[in-house]
Number of protein chains: 2
Amino acid sequence: MTKRSYGQDCALALGLDVIGERWTLLIIRGLLTGPKRYSTLQDQLSGIGTNLLATRLRELTEHGITRKTDEGYELTECGEALRPIVHALIRWGHQFRNLAPDAAVSRPEWDMLALEAAFRPERAEGVETTLDLTLSGYRFHAVVRDGAARCSQGAAADADATASTTTETLQAIGDGRISLSDAIESGKIELQGSRRAFRQLFQLFELPSD
Amino acid sequence: MTKRSYGQDCALALGLDVIGERWTLLIIRGLLTGPKRYSTLQDQLSGIGTNLLATRLRELTEHGITRKTDEGYELTECGEALRPIVHALIRWGHQFRNLAPDAAVSRPEWDMLALEAAFRPERAEGVETTLDLTLSGYRFHAVVRDGAARCSQGAAADADATASTTTETLQAIGDGRISLSDAIESGKIELQGSRRAFRQLFQLFELPSD
DNA sequence: CGGAATCCTCTTCGATACTG
DNA sequence: CAGTATCGAAGAGGATTCCG
């Protein structure tokens, strides 16, 4: 019953002792899009065993990565510190998109996080703006501020631009199969507000080109 | 015999299908300090089963992360792209240093990589310098150039400063148990070259303060 | 209904032994 | 030196059941 460990005095190995087990980083992914209940987490992970989720959450809480509240589970500051790392892993992982099995499940929350990961801070110096986005029916908003983008579920309180499209269209733009202009022209992206503003906002993100 | 997968159409999950298995990221850590032979890799991983190492290397090579040469295994460009991610994980993992079991093994290569991870690019604009460092008998050098630091095994061809110390001293400085000045005064760091230059060079790194 | 513990089967891990 | 073969132990996955 003793916890498995690499037994190495190395920060990487010690970190992986904490978040390197199977499913752990995917649980953290779930919490990076906001606090969630146990069952919601389980639904979104689609495939994790209930005992495993319980075990992982206990371990994560013991290590101070997550915490339990009345509304469910949420990340601590220490867990929140993993956000840029998860972002980087998402950007790195894009190249393996072709490895996804046909039966692979998909969740809008993952696309939301992928968009957050696609944000390029070096293009957004001094920019402060809010985008209200509906992706295949899933509505969320991206707030760009202080050189960072943060996506959250639900409508924006005060959006500078509002857009509605599908994940397929967004991926098609990323792959270069369709240009942003064409997507807007053909109505594949429905816009409200200044088209120029939206286009500028869109340039802050680098969609995976492969 | 089919490969285990999360079965999710998410870049993070797909990336973890490739590098998320047990030991995989530690193998990559081993290769981030230079190409290595099978047995060298095995020695440095201290604990991995030989069958597991063989399996992982095969999978990594199939996925284009590593490649096999006459001199052993090395990272491809795709694998090399994991360096900043590993750096970030090392910085994040430092907080769990107290979790290391007493019997934990240690390797100078890991300290070398930890130093590389401790480099703060925002402090090094326009800096171009080379440090020759011997850490507990392990000699390597750090090259700072283009806002990045890169540590490699062996002596520097042309060093701006040469220092010799122990990993314990370096950790003590990071923990604040001893100041850099005191360490130099007391001879815990042996210096060659300009002391001022060394001090400035040292400021480019942020050693984990806990 | 949210949050698990239990049971059972299957796969993977880890260590040792062995081979081209 | 660079792996493969083997096998007991541990972990993962899935269904069901239990508790507040």
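Only this structure's heavy atoms are used, side chains among them; waters, hydrogens and symmetry mates stay out. Chain letters run A, B, ... following the sequence lines, proteins first and then strands; every chain starts at 1.
- Considering only side-chain atoms of B/Asn51, the nucleotide from D/dA5, C/dA5, D/dA2 that sits closest is D/dA5.
- Here A/Arg145 pairs with A/Glu128 in a salt bridge; the nearest charged N to carboxylate O distance falls below 4.0 Å.
- By the 6.0 Å and 45° rule, B/Arg22 stacks over the aromatic ring of A/Tyr6.
- Contact annotation: B/Trp23 does not reach the phosphate of C/dT12 (side-chain N/O to OP1 or OP2, under 4.0 Å).
- Rounded to whole Å, atom P of C/dG3 lies 10 Å from atom CG of A/Leu41.
- The distance between atom CG of B/Leu53 and atom C1' of C/dT16, rounded to the nearest whole Å, is 16 Å.
- OP1 and OP2 of D/dC1 both lie 4.0 Å or more from every side-chain N or O belonging to B/Arg37.
- Electrostatic pairing of A/Asp9 and B/Arg97 counts as a salt bridge here, judged by a charged N lying under 4.0 Å from a carboxylate O.
- Checking C/dG3, D/dG13, C/dC13 against every side-chain atom of A/Tyr38, the shortest atom distance belongs to C/dG3.
- Listed nucleotides: C/dA4, C/dG14, C/dC7. Nearest to the side chain of B/Arg22: C/dG14.
- In this entry the distance linking CD of A/Glu21 with C1' of C/dC13 reads 11 Å, nearest Å.
- Between B/Asp70 atom CG and D/dA2 atom P the separation is 11 Å, expressed in whole Å.
- Of the side-chain N and O atoms in A/Arg58, none sit less than 4.0 angstrom from OP1 or OP2 of C/dG3.
- Between D/dG11 and A/Arg56, no contact under 4.0 Å exists linking OP1 or OP2 to a side-chain N or O.
- For the pair A/Ile27 CD1 and D/dA12 C1', the interatomic distance rounds to 13 Å; values are reported in whole Å.
- A salt bridge links A/Arg67 with A/Glu74: at least one charged nitrogen is closer than 4.0 Å to a carboxylate oxygen.
- Contacts of A/Gln42 with the nucleic acid, taken as non-hydrogen atoms under 4.0 Å apart, are absent.
- The interatomic distance linking A/Leu45 (CG) with C/dG3 (P) rounds to 14 Å, in whole Å.
- Taking side-chain N and O atoms only, B/Lys68 has a distance below 4.0 Å to OP1 or OP2 of D/dG3.
- Rounded to a whole Å, the CD1 atom of A/Ile48 is 14 Å from the C1' atom of C/dG3.
- A salt bridge does not link B/Glu168 with B/Lys188: none of the charged nitrogens is closer than 4.0 Å to a carboxylate oxygen.
- Side-chain nitrogen and oxygen atoms of A/Thr50 include none within less than 4.0 Å of the OP1 or OP2 phosphate oxygen of C/dA4.
- The phosphate of C/dG14 (OP1 or OP2) has a side-chain N or O of A/Arg4 nearer than 4.0 angstrom.
- D/dC1 atom P lies 14 Å from atom OH of B/Tyr73, rounded to whole Å.
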